[in-house]
Amino acid sequence: MKKFEFTLQSVLNLKEQSEKIEKENLAKIMKEIEREREKLENLKKHLQEVTKKAKEEVEEGTLMYKLAETEAYIMKIKEMIEEQANYILKLEKEAEKIREGLLKVSKEKKALENLKERQFAEYLYLLNLEQSRVIDEHVSYKVAKSY
């Protein structure tokens, strides 16, 4: 009997490669999301520091134009925080799409692997039948020859 050959092996190989690429893409975007979250946290900390410093300056007494500059700077930081938060949301949506694609590819790969296992089990069953038939013929031949 010929060697086992999965008829859809090339498709399975393609799905495995696609799954690997999707996993790499997901890891890459998750790393980027983490970096961007750190940037957001740093902006928030900076805002707290600037706000605290501005309050101290107001309590000590400061010039009006300095106060206006500080207020403008605080508004700019708040704007940057909002932009950063929106960017993170965009990245998270992109990550979710990649996750869904990975799940789809993984399911397809698993289905092909299950099919391969079933075909291999069928191959083993047929191989066993063939071996049993050969053994039966051999035994029958020896029994017939002995008479």
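The chain is numbered in sequence order, starting from 1.
R35 is linked by a side-chain contact (heavy atoms from CB on, under 4.5 Å) to K31, E32, counting only residues two or more places apart in sequence or in another chain. Take E60 and apply the side-chain contact (heavy atoms from CB on, under 4.5 Å) test, not counting sequence neighbours, and it matches no residue. Under the rule for a salt bridge (Lys or Arg N to Asp or Glu O under 4.0 Å), E34 has no partner lying at least two apart in sequence or in another chain. Among residues two or more places apart in sequence or in another chain, the side chain to side chain donor-acceptor pair (under 3.5 Å) test is passed with T51 by none. The salt bridge (Lys or Arg N to Asp or Glu O under 4.0 Å) check on E22 picks up nothing, with sequence neighbours excluded. The salt bridge (Lys or Arg N to Asp or Glu O under 4.0 Å) search around E92 returns R37, not counting sequence neighbours. Considering only residues two or more places apart in sequence or on other chains, E79 meets the salt bridge (Lys or Arg N to Asp or Glu O under 4.0 Å) condition with K76. Under the rule for a side-chain contact (heavy atoms from CB on, under 4.5 Å), the partners of K53 that lie at least two apart in sequence or sit in another chain are E57. Applying the side-chain contact (heavy atoms from CB on, under 4.5 Å) criterion to K107, with sequence neighbours excluded, gives L103.
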Output, in order, the C-alpha distance, side-chain angles, deciding distance and verdict of side-chain contact (heavy atoms from CB on, under 4.5 Å) for M30 and R99. CA-CA 11 Å; M30 293 308 290; R99 246 185 235 106; 3.5 Å; yes

Can you check side-chain contact (heavy atoms from CB on, under 4.5 Å) on L115 and R118, steps first, answer last? CA-CA 5 Å; L115 178 61; R118 286 194 305 271; 3.7 Å; yes

Side chains of residues 41-50: which donor-acceptor pairs under 3.5 Å do they make with residues two or more places apart or in other chains?
from: N42; atom 1: ND2; to: E38; atom 2: O; distance (Å): 3.4
from: H46; atom 1: NE2; to: Y73; atom 2: OH; distance (Å): 2.7

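Proximity of E100 to K104: side-chain heavy atoms (C-beta onward) are nowhere separated by under 4.5 Å. Residues E122 and E117 form no side-chain contact, since every pair of their non-hydrogen atoms from C-beta on lies 4.5 Å or further apart. Using a 4.5 Å cut-off on side-chain heavy atoms (C-beta onward), I81 and I77 make contact.
Salt bridge E94/K97: absent, no basic N to carboxylate O contact under 4.0 Å.
We find the NZ-NZ distance between K116 and K109 to be 11.0 Å, quoted to the nearest 0.5 Å. Between atom CD of residue E69 and atom CD1 of residue I74 there is a gap of 12.0 Å, rounded to the nearest 0.5 Å. For the atom pair L12 CG and E16 CD, the distance stands at 4.0 Å (nearest 0.5 Å). Note that the CD1 atom of I33 and the CG atom of L40 stand 12.5 Å from one another [nearest 0.5 Å].
Among pairs with a residue in residues 75-124, those fulfilling ring pair (Phe, Tyr, Trp, His ring centres under 6.0 Å) read F4-F120, F4-Y123, at least two apart in sequence or across chains. Evaluation of the ring pair (Phe, Tyr, Trp, His ring centres under 6.0 Å) test over residues 18-42, restricted to residues two or more places apart or in two chains, returns none.
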